[in-house]
Colleague: 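Please find one structure pasted underneath; my questions will follow.
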2 protein chains.
Amino acid sequence: MKLKDDRKVELIYQAALKLVARKGLAGITMGDISREAGIATGTLYVYFTGKDELINALFACSRANSVQVAFRGYDASQPFKPGFRTVWMNILRYKLQHFEEVVFVEQCFHSPYITAETREKARELAAPFFELIERGQQEQLVKQADTSLLLTFIMGALNELVKQTHYSNETLSKRKIDLTFNLCWDALKA
Amino acid sequence: MKLKDDRKVELIYQAALKLVARKGLAGITMGDISREAGIATGTLYVYFTGKDELINALFACSRANSVQVAFRGYDASQPFKPGFRTVWMNILRYKLQHFEEVVFVEQCFHSPYITAETREKARELAAPFFELIERGQQEQLVKQADTSLLLTFIMGALNELVKQTHYSNETLSKRKIDLTFNLCWDALKA
DNA sequence: AAGGTAAGCGAATAATTATTCATTTAAGCG
DNA sequence: CGCTTAAATGAATAATTATTCGCTTACCTT
């Protein structure tokens, strides 16, 4: 008996991400995905029941990935600012390196594909970010404003920075990164 | 002879915007648009040569609208900060009131519909915003950083705020708006 | 008021795209 | 090694969707 190949799922994901970043969710077909992945169209249906499931699975996977790396190297016993900086940098680095996921997730948000359930699971993943900001507020280092508002502000700015960087296709210099972190910090700080 | 009806174009635009905000660019068909607009599918082709042209036209129109209102009430002879505040508020108000345009423009950016030409015209429209930030820099009120970086940061944060507000469907209180303006200002200020 | 012209219509058609399926291929197992 | 079973294939089919077209309706002109 022949077994399913986990690397093939990854191949399909990469193909879909690449195509969505290039042509948007509105521009991809199952045929495009299979061609890009170098497999037959029918094979997509071995791994997913259909286009909807493929996209929901990829969405869930993309969200999970980006959260997973965010707290790498973060140590709650460190002072807040450097800890926050670590997380902020992790997110920025991840988004720059996985630009296609950024675009894909954005496009999915207003699409007929993502189910309420998938959406809800994505929301739950954001909990650690809330806790991080709340810690800063407890230590009087961060403004005493609605936590969700602060997070939204930071994430929006970060996301746009990543997109802008990509369009202008220049690499973000260390200097510019530090500068942008300062913008964020100045915005947040009490 | 019967003449084309400008109000009908507006009707079509509104229908398309509403549907894209609800189901994304990937989720709309010409049939959906005509049904939502209350006209026959064939009539769409009286006003537009096809789906591509319709979407390009709506994109151009959406971008132009949002820029047009931004400088309403701005007076360059006023001090910088209140002037900047006026523009910032105009943008926020417009985006909140025209949420559907925000989503539509975002979805269009990575789509097969928007042509390079349409994209370029949209970019040119942003010139006044650059000038505004540059003025603040000349007056030493705004950080001496890459103007484009500062703009990106602000616009990204604003956009995300609008989206988040919409999802949580609460109206943004005066207090929250002032708070967010302060985040922006603290980020920008030298 | 009548004629001409283009808007408006929506069913029919064309084009595209998702999905299925009969067949082939290849991995695991005895 | 052969046998079994599921993956893999891609052409065929089904479903969806863009676009066309013959016809009707309403507006403008004279």
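Each chain gets a letter, A, B and so on, in the order the sequences are listed, and its residues count up from 1.
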Colleague: Under 3.5 Å, is there a donor-acceptor pair between the B/Lys8 and B/Tyr47 side chains?
Modeller: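 B/Tyr47 and B/Lys8 do not have a side-chain donor-acceptor pair below 3.5 Å.
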Colleague: Provide the closest heavy-atom pair for B/Gln164 versus A/Thr152 in the form atom of the first, atom of the second, distance.
Modeller: CG-OG1, 3.2 Å
Colleague: Using whole Å, report how far CG of A/Leu44 lies from C1' of C/dC21.
Modeller: 16 Å
Colleague: In whole angstroms, how far is the C1' atom of C/dA7 from the CD1 atom of B/Ile12?
Modeller: 12 Å
Colleague: Can you find a side chain N or O atom of A/Tyr47 that sits less than 4.0 Å from OP1 or OP2 on D/dA7?
Modeller: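 Answer is no, no contact under 4.0 Å.
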Colleague: When the distance from CD1 of B/Ile33 to P of D/dT17 is rounded to whole Å, what number comes out?
Modeller: 12 Å
Colleague: Could you state the atom-to-atom distance from CE of B/Met30 to C1' of C/dG10 in whole Å?
Modeller: 14 Å
Colleague: Whole Å only: how far is the CZ atom of A/Arg35 from the P atom of D/dT9?
Modeller: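 From A/Arg35 CZ to D/dT9 P: 14 Å.
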Colleague: May I ask you to evaluate whether B/Lys8 reaches the phosphate of C/dG8, defined as a side-chain N or O under 4.0 Å from OP1 or OP2?
Modeller: yes
Colleague: Can you tell me if B/Lys2 touches the phosphate of D/dC28, counting only side-chain N or O atoms and a distance under 4.0 Å to OP1 or OP2?
Modeller: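 False: B/Lys2 side-chain N/O out of range (4.0 Å or more) of D/dC28 OP1/OP2.
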Colleague: Just to confirm, is there a sub-4.0 Å distance from OP1 or OP2 of D/dT9 to any side-chain nitrogen or oxygen of A/Tyr45?
Modeller: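 Answer is no, no contact under 4.0 Å.
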Colleague: Ignoring hydrogens and angles, state whether a donor on the side chain of A/Glu10 or A/Gln14 is under 3.5 Å from an acceptor on the partner side chain.
Modeller: yes
Colleague: Using a 4.0 Å heavy-atom cut-off, does A/Ile28 contact any base of the nucleic acid, only the sugar-phosphate backbone, or nothing at all?
Modeller: sugar-phosphate
Colleague: Find the distance A/Phe48:CZ to C/dA18:P and express it as a whole number of Å.
Modeller: 15 Å
Colleague: Ignoring the backbone of B/Lys51, work out which of C/dG8, C/dA18, D/dA18 is nearest its side chain.
Modeller: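 Selected nucleotide: D/dA18.
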Colleague: Roughly, in whole Å, what's the span from CG in A/Leu11 to P in D/dT9?
Modeller: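 The distance from CG of A/Leu11 to P of D/dT9 comes to 11 Å, rounded to the nearest Å.
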Colleague: Of the candidate nucleotides C/dG8, C/dT17, D/dT9, which contains the atom at the shortest distance from the side chain of B/Asp5?
Modeller: C/dG8
Colleague: What is the nucleic acid contact for A/Thr41, judged by heavy atoms within less than 4.0 Å: base, sugar-phosphate only, or nothing?
Modeller: base
Colleague: Report the distance from atom NZ of B/Lys4 to atom P of C/dT5, rounded to the nearest whole Å.
Modeller: 17 Å
Colleague: Looking at A/Thr43, does any N or O in its side chain come under 4.0 Å of the phosphate oxygens OP1/OP2 on D/dA7?
Modeller: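 No, because none of the side-chain N or O atoms of A/Thr43 sits under 4.0 Å from OP1 or OP2 of D/dA7.
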Colleague: Does either side chain, that of B/Asn65 or that of B/Ser62, offer a donor lying less than 3.5 Å from an acceptor on the other one?
Modeller: no
Colleague: What is the ring orientation for B/Tyr167 with A/His110, classed by angle as parallel under 30°, tilted 30 to 60°, or perpendicular over 60°?
Modeller: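 Rings of B/Tyr167 and A/His110: tilted, 30 to 60°.
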Colleague: Under 4.0 angstrom, heavy atoms only, what part of the nucleic acid is B/Ile39 near: base, sugar-phosphate, or nothing?
Modeller: sugar-phosphate
